[in-house]
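Residue numbers count from 1 along this sequence. Being a predicted model, the structure only gives us computed values, none of them experimental.
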Amino acid sequence: MVGSLAVMTSVKGQTVLAQDSLAQDSIWSQTLQDVTVKARQGSRSRFRVTNTETIGQGELLRAACCNLGESFTTNPSVDVSYSDAATGARQIKLLGLSGTYVQLLTENMPNLRGASLPYSLGYVPGPWMQSIQVSKGASSVKNGYESITGQINVEFLKPQGVDGARANAYTDSDLKQEVNVDGSVHLTDRLSTSALLHFENRQTDHDRDGDGFMDMPQLRQFNGMWRMAYVSPVWISQLSLKGLHDERVSGMSRHGTHHGTVSPYGIEVTARRYELQWKNGFTLDSEHNTSVALMLNGSVHDAENRFGLTSYDVNQKTGYAQLMFETDFTSEHSLSVGASLNHDSYRQQLEMYNPWVGEKENLFGTPHETTTGLYAQYTYKWGDRLTVMPGLRWDYSTEHGGFWTPRLHLKYTPWEHLTLRASAGKGYRSPHAIAENVSLLASGKTFIASEKLEQEEAWNTGLSVSLHLPLAGKDLEVNVDYYYTDFRHQLVILPDGAKGLDTFSFENLSGKSYTHAAQIDATYPFFTGLTATAAFRYTDARVTYDGKLRRRPLTSRYKGLLTFGYKTPLELWHFDLTGSLNGGGELYDRSRYPAYFQLQAQITREFRRFSLYIGGENLTNYTLHHPILGASDPWSPAFDATQVWGPVNGVMGYIGIRYKLEKF
């Protein structure tokens with residue numbers, strides 16, 4: 001029930017009102033059986049000490065939501081864009097900074113890091129997700145030290161949820177097909193199991209602008225997960241196994257003109273990923289919420305990347321373990337302490353058609369790193385009025401030595417309709433220049449790496465105000481927040497011109513690098529069934545390039561969002577409309593790109609066992625005229641598919657069906 005202001009549940013004919021508590025930071029989420037839950041989705045909880053927004057299934061279904069990268073269409077805080085115009089890889093931005101500074105979690109465990117990051121948003125199928133939590137700013141020290149601008153946590157469908165099977169089939173005008181199937185079985189009152197399967201396919205050439213280069217890749221993905229859960233009053237255990245095969249083919253179109261090129265330029269990206277996750281929680285004293293938990297996660301990510309004659313192969317093995325103890329001394333005082341261990345091992349091979357300058361190892365980052373850590377987080381709660389949550393962790397890295405991560409969260413409610421929050425904290429991360437920025441290989445530029453990369457370090461401070469006002473018998477929700485991110489050490493990728501024409505230079509920060517991000521959003525249900533959200537965000541992101549402080553390239557200065565959602569009285573029809581205004585920014589050469597407007601819509605018809613949905617994206621049909629620079633000669637230094645600041649594809653229509661056969 002995390003993330004809603006108030007949840008109305010119906011249990012065997014009885015009505016109960018439940019609200020959030022500080023348990024929202026717990027690693028566990030329990031799904032009740034025989035419960036009907038109705039809640040307004042996508043709202044911020046009044047009771048969380050952190051500035052966190054929960055995107056529930058109701059919000060996710062407002063769009064096609066084929067994967068995690070397409071789940072933030074109606075969310076004003078998170079931007080999703082293409083990282084290049086060749087591979088179809090998407091990247092997120094939070095508080096004006098790229099997804100490398102957002103800690104991705106799956107069920108509150110760090111995941112999808114390093115080599116898996118460039119395509120990670122496509123590795124999480126939308127129908128698998130139960131909810132998404134987006135936390136801005138400094139996050140809890142429980143999950144490690146890597147969060148700088150915030151956290152995004154994905155909760156998958158639980159095997160102890162509704163017993164039955166569900167399916168989702170989708171196709172669109174770009175000739176992409178997708179099928180998702182999941183089912184859960186309650187073997188006993190305490191033991192449950194489930195399986196989730198995903199398949200997507202698109203094998204057609206798309207060359208909208210006729211430049212002979214594919215605008216979107218051919219792709220095929222197989223994805224599967226098996227889960228087991230044991231739930232008793234004393235012991236909760238959840239085991240998950242996942243396997244993924246993802247392949248993308250792009251480059252010069254088979255039907256395009258190769259302009260006399262002797263050898264057509266091709267792009268092939270193949271990834272195989274395997275994961276194991278095991279979570280165990282033991283209740284020691286239910287009266288004081290005293291518990292101990294052990295969480296384990298292991299993954300192997302193997303990727304082969306071919307960009308013309310440039311090849312980059314990477315294999316990353318990661319092991320993660322966390323031991324946590326939590327207790328409530330009294331209703332006012334709580335404590336969480338724990339220890340963690342993370343090990344990353346990289347094996348990388350790079351052969352570049354274009355030259356590089358410096359040691360190749362400087363492009364790779366740390367090949368092996370083991371980090372052990374200890375943390376403590378104290379919570380003081382004075383009723384619903386005041387919450388103070390300081391946290392501190394100390395970690396030791398085999399590559400960077402020991403370092404401290406302090407974080408502090410405050411929540412104050414001076415009035416029942418007003419909530420004030422403040423946060424401050426530090427974050428660290430070990431950069432991997434090529435593994436985390438594979439899309440830069442889709443260019444003919446020379447790579448320069450003349451120095452060993454330092455551990456990135458930044459402070460993040462933020463303020464937020466949440467106002468819930470009764471207006472005409474309904475609740476108007478207004479949120480205002482401001483965050484400032486200040487880097488002390490950072491990997492800086494100097495774009496074209498900083499070290500000579502047609503170069504990418506990877507360097508440690510020498511000067512200032514900071515980002516200001518301010519946002520206001522308001523949500524109001526005008527009448528029964530109709531809810532509207534309006535938002536505006538301003539971003540000022542600057543970084544020092546070659547001794548000069550300038551705006552961060554490919555970062556829009558502002559964004560406006562307006563969404564409408566309407567459900568008929570019996571909720572048989574759903575109508576959703578979203579419009580977004582994306583502000584202009586700067587390209588590598590400091591020339592400016594303009595603002596543009598996008599529109600998307602979806603209509604859903606509910607039936608007893610299934611629902612039909614039809615919709616369209618980019619209905620304004622706004623696209624970049626030439627998203628790939630130098631497409632006629634991809635072997636030249638002028639070739640560049642990385643300067644993507646707007647839509648690559650035009651208007652797209654889709655249709656799908658969701659089916660469920662559940663045991664009641």
Side-chain angles (χ1 to χ4, degrees), residues 27 55 65-72 78 80 83 87-94 97-126 128-135 139 143-156 196 198 221-225 240-246 248 269-279 295-303 305 314-322 340 342-346 365 369 371 427 429-432 434-439 456:
I27 61 172
I55 305 173
C65 189
C66 295
N67 54 52
L68 179 60
E70 299 173 355
S71 303
F72 304 103
V78 181
V80 180
S83 58
T87 66
R90 291 176 180 260
Q91 63 176 347
I92 59 174
K93 287 187 177 180
L94 183 63
L97 291 168
S98 68
T100 54
Y101 302 109
V102 182
Q103 188 179 30
L104 286 177
L105 311 173
T106 57
E107 305 204 318
N108 281 304
M109 296 181 69
N111 203 349
L112 298 172
R113 306 162 51 254
S116 62
L117 188 62
Y119 303 97
S120 59
L121 300 183
Y123 295 162
V124 183
W128 289 14
M129 295 186 293
Q130 180 172 288
S131 64
I132 305 171
Q133 290 79 43
V134 180
S135 301
S139 302
N143 302 120
Y145 53 85
E146 291 186 317
S147 171
I148 292 179
T149 59
Q151 289 179 342
I152 293 179
N153 176 56
V154 176
E155 292 289 335
F156 294 111
L196 301 94
H198 168 84
Q221 183 184 116
F222 301 91
N223 204 341
M225 175 165 60
S240 299
L241 297 174
K242 286 189 282 185
L244 165 80
H245 178 87
D246 183 87
R248 300 162 185 258
V269 178
T270 303
R272 291 168 292 274
R273 181 174 178 83
Y274 310 96
E275 294 182 36
L276 182 149
Q277 186 177 93
W278 192 21
K279 300 168 63 175
M295 300 185 292
L296 305 171
N297 188 301
S299 65
V300 177
H301 187 89
D302 189 76
N305 303 273
V314 56
N315 180 279
Q316 178 187 356
K317 295 181 176 67
T318 298
Y320 175 82
Q322 181 180 0
S340 65
N342 187 87
H343 175 74
D344 290 315
S345 177
Y346 288 82
E369 182 180 11
T371 305
R429 63 181 306 276
S430 298
H432 296 267
I434 299 298
E436 297 172 342
N437 300 279
V438 173
S439 62
E456 294 186 287

Which is it for Val80 and Glu70 under the side chain to side chain contact (heavy atoms under 4.5 Å, CB included) test, yes or no, and what are the steps along the way? CA-CA 8 Å; Val80 180; Glu70 299 173 355; over 6 Å; no
Take Ser71 and Ile55 through the side chain to side chain contact (heavy atoms under 4.5 Å, CB included) test and state the conclusion after the steps. CA-CA 9 Å; Ser71 303; Ile55 305 173; 6.0 Å; no
What's the verdict on side chain to side chain donor-acceptor pair (under 3.5 Å) for Thr100 and Glu436, showing C-alpha distance, side-chain angles and the deciding distance? CA-CA 8 Å; Thr100 54; Glu436 297 172 342; 5.7 Å; no
Give the C-alpha distance, both sets of side-chain angles, the deciding distance and a yes or no for side chain to side chain contact (heavy atoms under 4.5 Å, CB included) between Val102 and Lys93. CA-CA 8 Å; Val102 182; Lys93 287 187 177 180; over 6 Å; no
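Note: His301 NE2 to Leu112 CG = 9.0 Å, rounded to the nearest 0.5 Å. Atom CD of Glu107 and atom CE of Met295 lie 11.0 Å apart (nearest 0.5 Å). Here the straight-line distance linking atom CD of Gln316 with atom CG of Asp302 works out to 11.0 Å at 0.5 Å rounding. To the nearest 0.5 angstrom, Ser430 atom OG is 9.5 Å from Asn342 atom CG. We find the CG-CG distance between Asn153 and Asn108 to be 4.0 Å, quoted to the nearest 0.5 Å.
At a threshold of 4.5 Å between non-hydrogen side-chain atoms, the residues Gln151 and Gln133 do not count as touching. With a 4.5 Å cut-off on side-chain heavy atoms, Lys279 and Asn297 do not count as touching. Here the side chains of Gln322 and Met109 are not in contact, with every heavy-atom distance at 4.5 Å or above.
Using modelled atom types, one side-chain atom of Ser83 and one backbone atom of Ala89 make a donor-acceptor pair closer than 3.5 Å. Side-chain atoms of Gln103 do not come within 3.5 Å of backbone N or O of Gly144 as any donor-acceptor pair. At least one donor-acceptor pair closer than 3.5 Å links the side chain of Thr149 to the backbone N or O of Tyr101.
Under the rule for a salt bridge (Lys or Arg N to Asp or Glu O under 4.0 Å), the partners of Arg248 that lie at least two apart in sequence or sit in another chain are Asp246. Tyr274 is linked by a ring pair (Phe, Tyr, Trp, His ring centres under 6.0 Å) to nothing, counting only residues two or more places apart in sequence or in another chain. Residues satisfying the side-chain hydrogen bond (donor to acceptor under 3.5 Å, both in side chains) criterion with Asn111, sequence neighbours excluded, are Thr106, Arg273, Glu275. Scored by the ring pair (Phe, Tyr, Trp, His ring centres under 6.0 Å) test, His432 finds Tyr346 as partners (sequence neighbours excluded). In this structure His343 satisfies the side-chain contact (heavy atoms from CB on, under 4.5 Å) test together with Ser345, Thr370, sequence neighbours excluded.
The nearest pair of heavy atoms linking Gln91 to Ser98 is OE1-CB, 4.4 Å. Taking all atoms of both residues into account, the shortest heavy-atom contact from Leu94 to Ser135 is CD2-O, 4.0 Å.
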Under 3.5 Å, sequence neighbours excluded: what are the donor-acceptor pairs made by side chains of residues 113-125?
residue, atom, partner, partner atom, Å
Arg113, NE, Glu146, OE1, 2.9
Arg113, NH1, Asp344, OD1, 3.1
Arg113, NH1, Asp344, OD2, 3.3
Arg113, NH2, Glu146, OE2, 3.1
Arg113, NH2, Asp344, OD2, 2.8
Ser116, OG, Arg113, N, 3.2
Ser116, OG, Arg113, O, 3.0
Ser120, OG, Leu117, O, 3.0

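With respect to Ile92, the side-chain contact (heavy atoms from CB on, under 4.5 Å) criterion is satisfied by exactly one of Ile152, Leu97, Leu68: Ile152.
Aromatic ring orientation, Phe156 versus Trp128: perpendicular (interplanar angle above 60°, classes split at 30° and 60°).
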